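Report on one structure; see the data block that follows.
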Amino acid sequence: MKTVQISLNSIDKVKSFVNEITKYDNDFDLVSGRYVIDAKSIMGIFSLDLSKPIDLNIHAEGNVDDILAALDAYIIK
């Protein structure tokens, strides 16, 4: 499992993030405080406080680098 911090501070960013992440068969969790939601759920994402960075847990083995490259626009460096 790999964890990165992401920023989803606009509706358009949330939509494009979900479109990008649903291309993968892996499991993704978003963690904000004590809440953990499925990163492929738009409704779940909108239930989080999007003004703060969110932890993205990527449950993947081999293709982590491909996923990180695809999600580069959302990752906080």
Side-chain angles (χ1 to χ4, degrees):
M1 182 178 84
K2 172 95 173 138
T3 302
V4 293
Q5 278 204 325
I6 62 168
S7 173
L8 298 173
N9 53 6
S10 72
I11 293 171
D12 291 333
K13 260 188 151 177
V14 171
K15 284 197 267 187
S16 62
F17 172 78
V18 172
N19 286 339
E20 195 64 46
I21 215 165
T22 51
K23 296 176 184 173
Y24 297 96
D25 288 334
N26 306 84
D27 288 329
F28 301 90
D29 296 324
L30 288 174
V31 181
S32 178
R34 61 189 177 104
Y35 299 103
V36 179
I37 57 115
D38 181 359
K40 295 180 181 180
S41 165
I42 287 182
M43 293 302 290
I45 292 172
F46 283 122
S47 71
L48 299 176
D49 180 2
L50 299 178
S51 66
K52 299 176 187 163
I54 302 166
D55 287 338
L56 172 65
N57 294 336
I58 304 168
H59 301 278
E61 295 298 319
N63 60 345
V64 174
D65 292 335
D66 296 339
I67 295 169
L68 291 175
L71 301 178
D72 188 58
Y74 313 100
I75 296 173
I76 299 171
K77 296 175 173 74

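As the structure is a computational prediction, the values presented were derived from the model and not from experiment.
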F17 side chain near I6 side chain, heavy-atom distance below 4.5 Å: yes

Judged by modelled atom types alone, do D49 and S51 share a side-chain donor-acceptor pair under 3.5 Å? yes

Taking C-beta and beyond as the side chain, do K2 and L68 meet within less than 4.5 Å on heavy atoms? yes

Exercise for review: Tell me, yes or no, whether the heavy-atom count around I11 atom CD1, taken from other residues, nucleotides or ligands under 6.0 Å, exceeds 12.
Suggested key: no

OG (S32) and CD1 (I45) are apart, to the nearest 0.5 Å, by 11.5 Å

One should read off an interatomic distance between T3 OG1 and Q5 CD, to the nearest 0.5 angstrom, of 10.0 Å

Of all heavy-atom pairs linking D66 and Y24, the shortest is O-OH, 3.6 Å

Is Y74 close to K13 at the side-chain level, that is, under 4.5 Å between some pair of heavy atoms? yes

Quick check: does any side chain N or O of S47 sit under 3.5 Å from a backbone N or O of G44, one acting as donor and the other as acceptor? yes

All heavy atoms of T22 vs all of N19, minimum pair found to be OG1-O, 3.1 Å

From the list V14, L8, L30, side-chain contact (heavy atoms from CB on, under 4.5 Å) with L48 holds only for L30

When rounded to the nearest 0.5 Å, the distance separating OG of S7 from CG of L50 is 8.5 Å

Would I67 and I58 count as a side-chain contact (heavy atoms from CB on, under 4.5 Å) here? Give the steps. CA-CA 9 Å; I67 295 169; I58 304 168; 4.0 Å; yes

Are the side chains of L71 and L56 in contact, using a 4.5 Å heavy-atom criterion? yes

Practice prompt. Given salt bridge (Lys or Arg N to Asp or Glu O under 4.0 Å), test D27 with K40 step by step and report yes or no.
Written response: CA-CA 9 Å; D27 288 329; K40 295 180 181 180; 5.6 Å; no

Excluding V36, membership of its hydrophobic cluster (Ile, Leu, Val, Met, Phe, Trp, Tyr; side-chain heavy atoms within less than 4.5 Å) reads V31

So does F46 have more than 12 non-hydrogen atoms from other groups sitting under 6.0 Å from CZ? yes

